[in-house]
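For reference, the structure discussed in these notes is given below.
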There are 4 protein chains.
Amino acid sequence: MLLILKPEAKPESIQNLADRLQSLGFIVQDILEEHTHMLLLAGDTTYVDCDQFARIDIVDSIMKVSEPYKLAGRKFHPDDTVIDVCGQKIGGNHFAVIAGPCSVESEAQILAVAESVKASGAAFIRGGAFKPRTSPYTFQGLGLDGLELLKKARQKTGLPVVSEIMNNNHLEEFHRDVDIIQIGARNMQNFSLLREVGQLKKPVLIKRGLANTVDELLMAAEHLMVAGAKDIILCERGIRTFETATRNTLDLSAVPILHKKTHLPVIVDPSHGTGSWTLVEPMALAAVAAGADGLMIEVHNQPEAALCDGSQSLTPENFEKMMKKIFRIREVIAE
Amino acid sequence: MLLILKPEAKPESIQNLADRLQSLGFIVQDILEEHTHMLLLAGDTTYVDCDQFARIDIVDSIMKVSEPYKLAGRKFHPDDTVIDVCGQKIGGNHFAVIAGPCSVESEAQILAVAESVKASGAAFIRGGAFKPRTSPYTFQGLGLDGLELLKKARQKTGLPVVSEIMNNNHLEEFHRDVDIIQIGARNMQNFSLLREVGQLKKPVLIKRGLANTVDELLMAAEHLMVAGAKDIILCERGIRTFETATRNTLDLSAVPILHKKTHLPVIVDPSHGTGSWTLVEPMALAAVAAGADGLMIEVHNQPEAALCDGSQSLTPENFEKMMKKIFRIREVIAE
Amino acid sequence: MLLILKPEAKPESIQNLADRLQSLGFIVQDILEEHTHMLLLAGDTTYVDCDQFARIDIVDSIMKVSEPYKLAGRKFHPDDTVIDVCGQKIGGNHFAVIAGPCSVESEAQILAVAESVKASGAAFIRGGAFKPRTSPYTFQGLGLDGLELLKKARQKTGLPVVSEIMNNNHLEEFHRDVDIIQIGARNMQNFSLLREVGQLKKPVLIKRGLANTVDELLMAAEHLMVAGAKDIILCERGIRTFETATRNTLDLSAVPILHKKTHLPVIVDPSHGTGSWTLVEPMALAAVAAGADGLMIEVHNQPEAALCDGSQSLTPENFEKMMKKIFRIREVIAE
Amino acid sequence: MLLILKPEAKPESIQNLADRLQSLGFIVQDILEEHTHMLLLAGDTTYVDCDQFARIDIVDSIMKVSEPYKLAGRKFHPDDTVIDVCGQKIGGNHFAVIAGPCSVESEAQILAVAESVKASGAAFIRGGAFKPRTSPYTFQGLGLDGLELLKKARQKTGLPVVSEIMNNNHLEEFHRDVDIIQIGARNMQNFSLLREVGQLKKPVLIKRGLANTVDELLMAAEHLMVAGAKDIILCERGIRTFETATRNTLDLSAVPILHKKTHLPVIVDPSHGTGSWTLVEPMALAAVAAGADGLMIEVHNQPEAALCDGSQSLTPENFEKMMKKIFRIREVIAE
């Protein structure tokens, strides 16, 4: 960490500060760069809340240099993490697609979709039982009944289940019934939820928040790992920008950037990322070409009747066509 | 709601769609604007998830026209809401300042700060007992002990207590001990938390999320009100933009815009909004000049030793100086 | 265009306004949607500055419905535009790569790069003669000498030349010597430059501005077309967002969105879009997979010695490797 | 400047790089911070394009530490610049308001507006003769005739003239007839225009670009100063964000931040900053409370008939009322 000092800082004050920092356990180096005087702190800054240094009267600003994510970062864990869920792998050289409806609506619906996405090559079934709805007036999900239906779908098809947890009300059921617990974009910085879910030590899929940087996504993964989770999938799903032509702006450069910073698998959700089914295929293909370890795609057998997000869901037919191209793009990339 | 049709839509298909919509209970008007064909739906769209219409094959896009917030909006509630908490009022013509440290650290600290901010004219004491920390390694707050200390501060000074709830683990204690329950920016769209806190029917202070629009803030207030809460304070605290010179970009135009759309009081937090104590005063004065019903200011008696956010906290002396100017600006505005 | 009226608007005032608008030549329809009263204007709003309507006392807000880009949009020109420059085609089914150094530095450099990119399959050579530099202290480009060197490169390799024009100082030389005139992101809304360049009636490559929407990019193309240009290539090169891990956030969804709205070819510049050479290949492959009609890639034979943007340039060897994968991805997409 | 090295960098390679940098004239310090190895370069990096260092194979990333703006920054020019234009001062303790219509439409209009704003306390008259229009189909301004009318207004009222230059076509007329030459937001990084206008050595008002940081605004001022201009007024006019309730998001924290970084006066344009006349007053008052050295306000005697931006213009009556409050707020701030 660098403390950049104000130009008018007196030598005495600088010396006092250096002494104080040394007594806190830091190794302090005095540095002059062009006309700027700085103190470089070496030592473990992990447990210190360093913003307080910015407040010291002779300090103009601070710059953090080392990465704050020890467990999630590649520095200490250079090898790719490969996650194995009921035999389905993701990460390293393993590519996998998670597909299913935005929300579980009925047994017929979830079974039909599960069977068709499996036939098309999906490795996991997803479905929302508890929905985050911006409006308090719209469909909130089937709740625990929805989880039961997902279990039936798994029983029928063998596809492991991915479902989103909204809060800590049903940790037990999620622990028992769901194979990959999903934490949604709006909960990415719900730190107490991250702690409680991390303690379950199950695979977790965490979505990048609407306005969170990749570093913040990695810190959220760090929260999960400190709590005990090891198998974490990071998911890019679009960020909020000034552009209004799409619901979110899908940030595909997050894929190679995350691959560089972390050993955890990185997937992309082009359904929420674009909000429009006609954009899902080009963006899914682009995500695979960018090196994503997987995709999460919304598929519904009757999208125009869907109780949520119908406008971004693919029909099983469109999903089938898209999967063929996806595997071909993956071949080119994976060489 | 307007459904804008694709140019190639055939008259038959348009008629079929119009019939279907009428059977759903809407009044449908066929409209031709320049070269664009549209169907206008009149009727209550509140309970319908309308994105599915965007998916209909002949529909190009949809435009919503009416406001989705019935309880929070001024349309049905034109008069300003005035919130009365233990005799302290906010909203309408009543201006109030909430002040206190980012987190409660000790009895001595919270009592000292409470007394000095009261002497400077603050109407409420704030302090965090449960902290949202981006890093899992830093101070997480005193928890329930923190709430106890806030109660002591209230006992001593008479200042009502504002404190942030992070999750539903301590709803009972918050209901019993806290006068205004704060929902933080990162929880603005934690819909299940909004529902549970709303059901407590206590005053709530809800902070705008880092990347949430004012309409989304109003929908969050709507969630609280549907659940039963009536006394809601909206708080602008800065949004995320490309500018890196500040932690967030304080969006003061949210104040007059919200005043136009809603009857609820609107306050500003320039401490989190700027992240830097030297910017707090100018932005606080600006917020008052923009018509804010109140402010939330971080004050710490020893900011450089603060266990969180020290860089944005004011000393009691600086707070005192600032409050004098704040009341004078308020006089000019309130005429 | 819709004028949404204020709830308190009196019937008389509404009638007066409707009469005034009719006298201006509009067809006015009175519409009631749920509780909102609106006036719908049909008629040509192209030449009217409609923001003034927002100011009328009984008008609450306005909503524009039809697209403002007549020449650039697909509505009146449904077929893809194919641009032919000295036999090299781009658009429709034709994919092409534009490659070369950020700036032309010497004859040896530009000839070496031109030959190697041609061997790798590039269709056009690019190079900056006049550079936009954020700092007034750094290399500003070789100017007209740079254009001369690009001509030599064309002579040697047959590759048509793409180069950026900064202002109207050398319109004649650009008209004579450059095959595709490039307008940079910062000049996307330099309307007088657009007019003057459009009047040259040469092929133009226009880059999306750092914070411009796709609709604004299309309006810039509209400016060029109104002035006389027909062959316009649109280029996505990254937008400004809150993410600081990259120089810009490459918005690949702009590719399918633009393909839907316009008949003009759409290419992607992953070099400026990412600012980092290690991200160029994954993003270039992603762009092709998203359906881009082409790419613009920075290639320099000695990037660490480059006088500008060296950090994002590929070596000829890396470019060669990347091009092989690019053509394979293109095959999958183009079926 | 800091070069942060990759973890796998070998001691030999680091030594070679250090030697190379020293031969380029830098003083190189080898630094180890926690687990991160860095090279600190001291020396004048002003004329070197340092991005090339990011490309060196053992370099992971670079961090610039010192400010790049020598002339515009306070470091070498700690005292406030006070600009004197025909006796009207702005900057330091001098506050001034620039007011007038968005565009000059007729002699009657500009004279009427000039007289009324002068009576209300404005110090400068503004008016556009050359307009930047997003659409090629709308009013483009009166051109040189517009400048003539502004001169008449100055003759009649004594108010110095502020008008926007769009390109270098009329440098001579602007030099001769306009007192403060305005460079619009979209031209903030039109570096060749900045150079040509700077060479005129006249007062310049430069507007912050839609998506430019305050540092980039200061670099634009630096361009003007390197070219010869001394009297530069910086203007905040709103930035582009995800919020759609306003045309732009007015960033008032730019005022105190700029005051800290630069000696140049800082004003605010709440008219373009909000796009809506009902928001202009609260934001103007907020800007004054934030410490702005001045304001730029659009005033039109018949806004609903205005040929541009009518929705954000104030009537002379509203301007008069607002100015009274503005001077009262200024009194409180200026003590």
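Sequence lines set the chain letters: A, B, ... in the order given, protein chains first and strands last, and positions in each chain run from 1.
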Chain B contact residues among [range], heavy-atom distance under 4.5 Å:
range                       : result
residues 207-215 of chain D : D:Arg208, D:Leu210, D:Ala211, D:Asn212, D:Thr213, D:Val214
residues 328-335 of chain D : D:Arg328, D:Ile329, D:Val332, D:Ile333, D:Glu335
residues 278-294 of chain D : D:Leu279, D:Pro282, D:Met283, D:Leu285, D:Ala286, D:Ala289, D:Ala290
residues 254-263 of chain D : D:Pro256, D:Ile257

* Determine the option with the most heavy-atom pairs under 4.5 angstrom with chain B, choosing from D:Thr249, D:Thr244, D:Thr274. => D:Thr249

* Atom group of D:Thr241 that falls short of 4.5 Å from chain B, counting heavy atoms -> side chain

* Should B:Leu252 and D:Leu250 be marked as a side chain to side chain contact (heavy atoms under 4.5 Å, CB included) after you check the CA-CA gap, both sets of side-chain angles, and the distance that decides it? -> CA-CA 7 Å; B:Leu252 290 181; D:Leu250 194 61; over 6 Å; no

